[in-house]
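As structure tokens, the structure follows; a few thoughts come after it.
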Amino acid sequence: MKDVTKMSDDFDRWYTDVVRKAELADWSGIRGMMVVRPYGWAMWEAIMRAFDDMIKETGHENWAFPLLIPREYLMKEAEHVEGFAPEVAWVTRAGGDMEELEEPLAVRPTSETIIGPLIKRYIQSHRDLPKLTNQWNSVVRWEMRSRLFLRSREFWWQEGHTFHASAQEAIEEASMILGNYRSIAEDWLAVPVLTGRKSPAETFPGAVHTLTVEGLMKDGLALQMGTSHYFGQNFARAYDISFSNKENERELCYSTSWGISTRLVGALVMAHGDDSGLIVPPKVAPIQVIVVPIYRDDESRAKVERFVNSWAPELKAAGVRHRVDWRDERPGDKYAHWELKGVPIRLNVGGRDADAGQVEMVDRLSRARVSVPISGIGKRLSHELDSFQTKLFDRAQQFQRDSTFELRTLEEVIAHFRERGGLVWADWCGDGEEEARIKAETGGVTIRTIDESAKPSGKCFVCGNPAKYRVALAKAY
RNA sequence: CGGGCGGUAGCUUAGCUCGGUAAAGCGCCUGGUUUGGGACCAGGAGACCGCGAGUUCGAAUCUCGCCCGCCCGACCA
């Protein structure tokens, strides 16, 4: 019953099996709406804590803005409205008699259009800037096709919205946040990412530019793991968010917004998992070490229990999140169970170990069994977890390298993606019509990022004219 | 949102063609034997057969509508 579909047989089914059987999330029965279960939510909590600490460090503050947005507000920034209109859900009735509202209210798909008109009252002077806001909430986007964590009609995220006195400062803000996102992906989730700028077709509606963090999943598809947008004065103009500068002139703010979501839990599943289930990076693992006691009767159980109790407090003291599995199951069941759940390190502890003053340590990556003395166990495990985190990242990075290619023509790109996935670097001229053509002719391959730090050396892979950009191409979720 | 497929116990499914009030495995509960890689024996609980109409003496089964899910496509900042 616990068996999951093999990844190689059907990746999508594997993904769904793992998410559900490892108890991360379920569908709710309400189309496209998911239930995030405690084990999945705990991973999101770890991400929340990490990112919240990062932004507090740089002066950001958490706010709470309304869930519902008056239509009038939503409509003000033309490009933004156009981009979001197809996925907005509306509240049109309320009250016991379900009376029609005078003005429909949009359920926020993102909050630029409610924060804009509300934040302006707190911004009068250049002394009020920068205004660095963030909120942790959920948003609703009326998706037509849903997948657990990756695309659901409601998802949980943070949305940062900042307002600055200069373009320069706002641009720097957006890129600093992108750096934080890279850190969340790489240092916390152990998923190596490409960072860069989005092409025009992929740029957030209303943004001057969008920066992105893109990861590669085990099926060879890319996943957008976070975006950070620079708006210039677009939203400030739409909502008249202005301030008096030092010369006592009225000036429009420059703003940004940025977000990461529960989609990252899906990313971690698809970047690390295997046929036995999840592999959770220690830094976000709800349980980092699982202890499986092995005994045959009350007497041997008591002995193992005494032994475990003698050193378990040391794990806590060392900051190791652990649990002892005293459920009345056979050890083999427990091994399989915790492997499915992706717990990084398991300790098998039986009578023999108690006698020898040691435990048998098994890591989820190698599954090699090593006997380790209980003396200094806390420190040892803490070290093993760090090493596990590193190995997981290295493994993912190796996969990314092995899945990265350099191609020169559209024909090569088409042929490549007919055969396999992965990331393809190519030089591109930047023509907007070509971008649509790439997508159409390759069966959905898109420009995931533009690497602004690299200079193109050759010709555009589509038209052969001199190239302006180095781009990473991939099929994406 | 279009095309295709599906929904029967917690899970996976049989039964549906040919209408007669539901079956199995796994899981769950109880007791016992077990326990260093997914145990075994015995007993037990558990199903408004996705929902609603219709046809019929009688519907899991036939018809229609709706809801939910899966696959393909469109869409997805």
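Lettering follows sequence order; numbering is per chain, from 1.
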When the [atom1] atoms of [M] and [N] are compared, how many Å lie between them, rounded to an integer?
| N | M | atom1 | answer |
| --- | --- | --- | --- |
| B:rU61 | B:rA53 | P | 14 Å |
| B:rU21 | B:rU35 | P | 47 Å |
| B:rA22 | B:rC51 | P | 16 Å |
| B:rG20 | B:rG15 | P | 14 Å |
| B:rA60 | B:rG38 | P | 43 Å |
| B:rA42 | B:rA59 | P | 38 Å |
| B:rU56 | B:rC29 | C1' | 41 Å |
| B:rC64 | B:rC72 | C1' | 27 Å |

(message) Going by purine N1 to pyrimidine N3 plus the second Watson-Crick contact, or the G-U wobble pair, all under 3.5 Å, which nucleotide sits opposite B:rG36?
(response)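 Because no pair has both required distances under 3.5 Å, B:rG36 counts as unpaired.
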
(request) Would you mind pulling out the nucleotide paired to B:rG43, Watson-Crick or G-U wobble, both distances under 3.5 Å? (result)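 Its partner is B:rC29.
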
(request) Round to the nearest Å and state the distance from A:Trp27 atom CH2 to B:rG7 atom C1'. (result)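 For the pair A:Trp27 CH2 and B:rG7 C1', the rounded distance is 17 Å.
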
(request) May I have the distance from A:Asp333 (atom CG) to B:rC26 (atom P), rounded to whole angstrom? (result)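 Distance, rounded to whole Å: 14 Å.
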
What contact category does [X] fall into here, base, sugar-phosphate, or nothing, at under 4.0 angstrom with non-hydrogen atoms?
| X | answer |
| --- | --- |
| A:Glu87 | base |
| A:Glu360 | base |
| A:Gly350 | base |
| A:Glu112 | nothing |
| A:Gly32 | sugar-phosphate |
| A:Arg20 | nothing |
| A:Gly351 | base |

(request) Record whether the side chain of A:Arg31 comes under 3.5 Å of the base of B:rC68 through a donor-acceptor pair of N or O atoms. (result)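 Looking at the base of B:rC68, it does not pair with any donor or acceptor on the side chain of A:Arg31 (distance under 3.5 Å).
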
Does [X] make a cation-pi contact with [Y], if we ask for NZ or CZ under 6.0 Å from the ring centre and within 45° of the axis?
| X | Y | value |
| --- | --- | --- |
| A:Arg153 | A:Trp142 | yes |
| A:Lys120 | A:Tyr239 | no |
| A:Arg151 | A:Tyr477 | no |

(message) Please identify which of these residues, A:His209, A:His229, A:Glu214, meets the side-chain hydrogen bond (donor to acceptor under 3.5 Å, both in side chains) condition with A:Lys198.
(response)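 Running side-chain hydrogen bond (donor to acceptor under 3.5 Å, both in side chains) over A:His209, A:His229, A:Glu214 with A:Lys198 returns exactly one hit, A:Glu214.
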
(request) Mind telling me whether A:Phe204 and A:Phe231 have parallel, tilted or perpendicular rings, with 30° and 60° as the class edges? (result)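 Tilted.
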
(request) Quick one: sort the A:Trp63 and A:Phe65 rings into parallel, tilted or perpendicular, breaks at 30° and 60°. (result)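 Parallel, since the angle between the ring planes stays under 30°.
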
(request) Could you check A:Asp298, A:Asp353, A:Asp355 and say which one makes a salt bridge (charged side-chain N to carboxylate O under 4.0 Å, His left out) with A:Lys303? (result)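 The passing option is A:Asp355.
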
(message) Tell me whether the side-chain N/O atoms of A:Arg296 come closer than 4.0 Å to OP1 or OP2 in B:rU33.
(response)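 For B:rU33, OP1/OP2 do not have a side-chain N/O of A:Arg296 under 4.0 Å.
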
(request) Name the closest nucleotide to the A:Ile294 side chain, picking from B:rG36, B:rU34, B:rA39. (result)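 Of all the options, the side chain of A:Ile294 is nearest to B:rG36.
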
(request) Report yes if the distance between the aromatic ring centroids of A:Phe149 and A:Phe155 is under 6.0 Å, otherwise no. (result)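 Ring centres of A:Phe155 and A:Phe149 not closer than 6.0 Å.
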
Could you list the protein-to-nucleotides 71-75 of chain B atom pairs, N/O on both sides, closer than 3.5 Å?
unit_1	atom_1	unit_2	atom_2	d
B:rC72	OP2	A:Arg145	NH2	2.6

